[in-house]
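Because the structure is predicted, anything quoted here is derived from the model rather than measured. Hydrogens, waters and symmetry mates are skipped; everything else that's a heavy atom, side chains included, is used.
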Amino acid sequence: MTRFLLLSSRAEDVASVGERAAFLRFGGLRADELEQVRMEAAPFLPIDLDRYDGVFVGGSPYDASKPEAQKSAAQRRVEAEMSSLLDEIVDRDLPFLGACYGVGTLGVHQGAIIDGTYAEPIGAVTVTLSDAGRADPLLTELPESFEAFVGHKEACRVLPTDAVLLASSPTCPVQMFRVRQNLYATQFHPELDLDGITTRIGVYRDYGYYRPGEYDEVIARVRSADVWAPPRILQAFVERYRTD
């Protein structure tokens with residue numbers, strides 16, 4: 001029986017396949033327990049949410065704050081369908097964890113202000129839990145501060161009014177938040193280890209996250225990081241919401 005749904009929006013096969021493998025590995029899931037839908041490929045609604053214990057949203061090259069006229073037709077469709085699906089997810093308080101693009105989906109849906117004020121270059125940052133974060137069931141096994149991989153052109157500048165701030169970094173005040181009891185979004189990538197981010201750096205070489213001539217520098221920067229804690233969030237999410 002499928003337990004979890006992964007909504008992806010990466011057109012490149014190597015990135016999309018790698019993303020699913022990461023959620024499987026760090027979530028402690030079998031292959032038959034995680035269904036992946038590639039949102040960019042075709043319309044994906046309706047989805048029967050009764051089939052799932054929880055929903056993941058992976059990262060994305062889409063920028064939610066880009067002017068509508070500059071968005072591709074595929075991005076506009078994905079955003080419209082995602083918003084419709086979130087209507088039901090939020091109404092149910094169905095367990096949801098959006099990684100990076102979670103801020104651009106759940107955040108926008110709930111009224112956050114997303115813009116380029118707190119963009120962060122590819123690398124590792126020190127994430128620090130808030131008091132609410134230290135008490136949150138997904139984060140109780142994590143240290144108060146830990147390194148996490150980031151790389152984003154936009155971020156949440158103003159939280160939704162009903163959101164709880166769970167984590168921050170010096171360069172990005174909103175690294176993780178929760179809405180209601182079971183809806184989570186992170187700006188950092190809990191699904192990425194060194195191999196995963198190295199692959200992404202290569203795949204998105206021409207997407208403006210860094211100048212092509214900086215490739216070696218960016219690779220060296222991530223290789224020097226000590227990132228081990230964030231994947232525990234995926235494990236905690238699965239353990240909390242998985243039904244047997």
Side-chain angles (χ1 to χ4, degrees), residues 4-10 19 22-23 26-27 39 49 52 54-65 78-79 81-120 125 127-130 132-139 142 146 148-169 171-192 229-238 240-241:
F4 293 89
L5 173 66
L6 170 62
L7 298 171
S8 299
S9 55
R10 300 185 182 280
E19 184 169 74
F23 276 90
F26 294 121
M39 299 186 291
L49 292 174
Y52 307 106
V55 176
F56 296 114
V57 170
S60 178
Y62 295 155
D63 292 324
S65 61
V78 167
E79 289 178 347
E81 290 186 285
M82 189 73 239
S83 180
S84 177
L85 187 63
L86 279 168
D87 288 343
E88 184 175 358
I89 289 172
V90 172
D91 183 63
R92 294 183 179 208
D93 197 17
L94 180 72
F96 174 94
L97 176 58
C100 194
Y101 193 43
V103 172
T105 53
L106 181 62
V108 169
H109 185 271
Q110 293 296 292
I113 296 178
I114 310 295
D115 61 24
T117 303
Y118 297 111
E120 293 176 301
V125 298
V127 173
T128 300
L129 301 180
S130 66
R134 289 193 292 272
D136 189 272
L138 294 195
L139 304 172
L142 271 64
F146 54 88
F149 286 127
V150 299
H152 52 98
K153 302 174 189 175
E154 61 181 11
C156 180
R157 179 164 59 86
V158 178
L159 271 174
T161 56
D162 59 348
V164 177
L165 179 66
L166 300 178
S168 302
S169 70
T171 48
C172 184
V174 180
Q175 283 288 352
M176 185 174 184
F177 65 84
R178 187 187 71 240
V179 174
R180 303 188 70 178
Q181 295 301 310
N182 302 311
L183 311 171
Y184 294 87
T186 68
Q187 188 62 74
F188 61 89
H189 285 275
E191 84 284 10
L192 284 185
R232 294 188 177 185
I233 297 171
L234 298 183
Q235 180 182 4
F237 184 89
V238 170
R240 184 181 185 199
Y241 295 118

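Taken to the nearest 0.5 Å, the CE atom of Met39 stands 10.0 Å off from the CZ atom of Arg10. With rounding to the nearest 0.5 Å, the separation of CE in Met176 from CG in Asp136 is 6.0 Å. The CG atom of Asp87 sits 12.5 Å away from the CZ atom of Arg92 when rounded to the nearest 0.5 Å. Atoms CG and CZ, from Leu159 and Phe177 in turn, are 6.5 Å apart once rounded to the nearest 0.5 Å.
At least one side-chain heavy atom of Pro173 sits under 4.5 Å from a side-chain heavy atom of Tyr118. Side-chain contact between Tyr241 and Leu97: absent, with no pair of heavy atoms (C-beta onward) separated by less than 4.5 Å. For the pair Phe96/Val179, no side-chain contact is recorded, criterion being any heavy-atom separation below 4.5 Å from C-beta on. Looking at Phe4 and Leu234, their side chains never come closer than 4.5 Å, going by heavy atoms from C-beta outward. For the pair Glu191/Pro231, no side-chain contact is recorded, criterion being any heavy-atom separation below 4.5 Å from C-beta on. In this structure the side chain of Ile114 never reaches within 4.5 angstrom of the side chain of Asp63, judged on heavy atoms. The closest side-chain heavy-atom distance from Leu94 to Asn182 is not below 4.5 Å. Side-chain contact between Ser9 and Met82: absent, with no pair of heavy atoms (C-beta onward) separated by less than 4.5 Å.
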Leu166 vs Leu129, side chain to side chain contact (heavy atoms under 4.5 Å, CB included): CA-CA, chis, key distance, verdict: CA-CA 6 Å; Leu166 300 178; Leu129 301 180; 5.7 Å; no
Pair Leu7-Thr105, side chain to side chain contact (heavy atoms under 4.5 Å, CB included): steps then yes or no: CA-CA 11 Å; Leu7 298 171; Thr105 53; over 6 Å; no
Criterion side chain to side chain contact (heavy atoms under 4.5 Å, CB included) on Val103 and Glu154, from CA distance to verdict: CA-CA 9 Å; Val103 172; Glu154 61 181 11; over 6 Å; no
Intermediate values then yes/no, side chain to side chain contact (heavy atoms under 4.5 Å, CB included), Arg180 and Val90: CA-CA 8 Å; Arg180 303 188 70 178; Val90 172; 4.3 Å; yes
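Of the residues Glu81, His109, Gln110, the one that meets the side-chain contact (heavy atoms from CB on, under 4.5 Å) test with Leu86 is His109.
Scanning both residues, Cys156 and Ala112, for their nearest heavy atoms gives SG-CB, 3.8 Å. Ile233 and Pro190 make their closest contact through CB-CB, 4.4 Å (heavy atoms, listed as atom of the first residue, atom of the second, distance). The two residues Glu19 and Ser8 have their closest heavy-atom pair at OE1-OG, 2.8 Å. Summarising the geometry of Gly58 relative to Tyr101, their closest heavy-atom pair is O-CB, 3.2 Å, with the distance given to 0.1 Å.
For CZ of Arg232, the number of neighbouring non-hydrogen atoms (other residues, nucleotides, ligands) closer than 6.0 Å is 12 at most.
With ring centers used as reference points, Phe237 lies under 6.0 Å from Phe56.
Side chain of Gln175 to main chain of Phe188: a donor-acceptor pair is present (N/O by atom type, distance under 3.5 Å, no hydrogens or angles). Side chain of Thr186 to main chain of His189: no donor-acceptor pair is present (N/O by atom type, distance under 3.5 Å, no hydrogens or angles).
Pairs of residues two or more places apart, or lying in two chains, that qualify as salt bridge (charged side-chain N to carboxylate O under 4.0 Å, His left out) and include a residue from residues 102-115 are Asp115-Arg157.
For the 3.5 Å distance criterion, the side chains of Ser169 and Glu120 qualify, holding a donor opposite an acceptor.
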